[in-house]
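In what follows, residues are counted from 1 in the order of the sequence shown. Quick note: numbers below take in every heavy atom, side chains included, and nothing from hydrogens, waters or symmetry partners.
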Amino acid sequence: MPSASATPQASSSLPAAVAWRPGPGEVEPDVKLRAVEVVEALGTWGPGGQGVEAARGRVAALGLPPGLADQAGPLLPAAAEAVVEVVYAQYGGILSDSASVMVVCRQWSASGGSVTAGGTTVDVRLSAASPRWDVTALHPAEPGSPAAQLPDPATRVLAQPRIVLPPAAVADVRSGAVHDSVLQAMLNLAGPYAFQVSVLRSGHPLDVFGTDRPSDHPVGRAFDTWQIDGRAVVDPATPADLVDGFMRAAAAAGSYNVGGPRQLSGGAVANQFFTDRTHRDHVHAGFRT
């Protein structure tokens, strides 16, 4: 599990800011940390720190281009103070010279004595550099407006306590843009497992990273899981049988394309299971319809 260390609190009316740190088993942990640092810097400020200009200064203090603040979107609400809490940082892709890190976060903001809870997922793009990787772009989630009416699987997923969705994924479900096949599979998995989803549709790269092949995520036909029964997928201490069993259950629930930290044998269709460096930290389940 990721460890955390305390950082200064923005306000007594807001939760304490807690810095996310990579835990055991992470591939290129400093790449993830670099992505997280910029999101935490953008989305957390005390009195007088609101606005794009102040955010540019916080980014510059990290040795990164101040203009990244102009891409922060929902991380910069019109509020006097704010605190970001990173839930998890998951790879959207990791190559030798470039990476996508999806920083999943919650955020609380305060103005005039009123506290608002929210959050987003930011696809942080990085390029290899020394001594640390550079952050080159930010792509915050764009979930879309809530649908006037939701299908039954969507309302059941939102009400299911064994399925934990971060803010951007909740908004994806409420938008009606997630296919029923994905929602029903999650409900099936919630029988034997309690799990935390990292990303559904928004906040994920449009293409499979490093290729020109469209990803199943942006069209609402995939979900990623970073934690199963309270155990992080990436943690070497997490039992392999737990993760592998979840992968096989996802396949049985209809996923044609199940990725994870290990290559599994078998499958109802050719190449149903796969693994690579990107999928060391989560289980991916993709659906054709």
Open item on the list: Surrounding CG of Asp97 (heavy atoms of other residues, nucleotides or ligands, distance under 6.0 Å), is the total greater than 12?
Closed with: yes

TODO: Hey, can you tell me if His284 and His279 have their rings parallel, tilted or perpendicular (30° and 60° cut-offs)?
DONE: perpendicular

TODO: Check whether any side-chain N or O of His204 sits under 3.5 Å from a backbone N or O of His217 as a donor-acceptor pair, and report yes or no.
DONE: no

Task: Heavy-atom pair with the smallest gap, counting every atom of Leu189 and Ala249 - done: CD2-CB, 3.4 Å

Task: Phe287 ring center near His179 ring center (under 6.0 Å) - done: no

Open item on the list: Tell me whether the count of non-hydrogen atoms from other residues, nucleotides or ligands lying under 6.0 Å of CD in Gln263 goes above 12.
Closed with: yes

Open item on the list: Looking at Thr155 and Asp152, would you say the former's side chain and the latter's main chain have a donor-acceptor pair under 3.5 Å?
Closed with: yes

Task: Glu40/Arg58 salt bridge by N-O under 4.0 Å criterion - done: no

- [ ] Indicate if Leu42 and Met102 have the same hydrophobic cluster label, given that clusters are the connected sets of ILVMFWY residues with side-chain heavy-atom separations under 4.5 angstrom.
- [x] no

- [ ] Answer yes or no: is there a donor N or O on one side and an acceptor on the other, between the side chain of Thr211 and the main chain of Val208, under 3.5 Å?
- [x] yes

Open item on the list: Please check this pair: side chain of Gln71 against backbone of Leu138, looking for a donor-acceptor N/O pair closer than 3.5 Å.
Closed with: yes

Open item on the list: For Asp216 and Arg288: C-alpha separation, side-chain torsions, deciding distance, then whether salt bridge (charged side-chain N to carboxylate O under 4.0 Å, His left out) applies.
Closed with: CA-CA 8 Å; Asp216 285 331; Arg288 296 192 187 280; over 6 Å; no

Open item on the list: Main chain of Glu85, side chain of Trp108: is a donor-acceptor contact present, judged purely on distance under 3.5 Å?
Closed with: no

Open item on the list: Donor-acceptor check, side chain of Gln107 to backbone of Leu75, threshold 3.5 angstrom: yes or no?
Closed with: yes

Open item on the list: Could you measure the distance from the CG atom of Asp244 to the CZ atom of Phe273? Nearest 0.5 Å is fine.
Closed with: 9.0 Å

Task: Salt-bridge contact Asp123-Arg125 (side-chain N to carboxylate O under 4.0 Å) - done: yes

Open item on the list: If you count heavy atoms of other groups shown closer than 6.0 angstrom to CD of Glu142, is the number above 12?
Closed with: no

- [ ] Determine, using the 4.5 Å side-chain heavy-atom cutoff (strictly less than), whether Val39 and Leu64 are members of one ILVMFWY cluster.
- [x] yes

- [ ] Say whether, by atom type as modelled, one donor and one acceptor occur between the side chain of Arg221 and the main chain of Gly286 under 3.5 angstrom.
- [x] no

Task: Ser127 (side chain) donor-acceptor with Ser98 (main chain) under 3.5 angstrom - done: no

Open item on the list: Can you see whether Asp224 engages Gln90 through a side-chain donor-acceptor pair at a distance of less than 3.5 angstrom?
Closed with: yes

Open item on the list: Looking at Trp45 and Ala80, would you say the former's side chain and the latter's main chain have a donor-acceptor pair under 3.5 Å?
Closed with: yes

TODO: For Leu200 and Phe223, work out which heavy atoms get closest and say how close.
DONE: CD2-CB, 3.3 Å

Task: side chain to side chain donor-acceptor pair (under 3.5 Å) evaluation trace for Ser215 with Asp207 - done: CA-CA 5 Å; Ser215 168; Asp207 294 330; over 6 Å; no

TODO: Indicate yes or no for a side-chain donor-acceptor contact from Tyr256 to the backbone of Ala285 under 3.5 Å, with no hydrogens or angles considered.
DONE: no

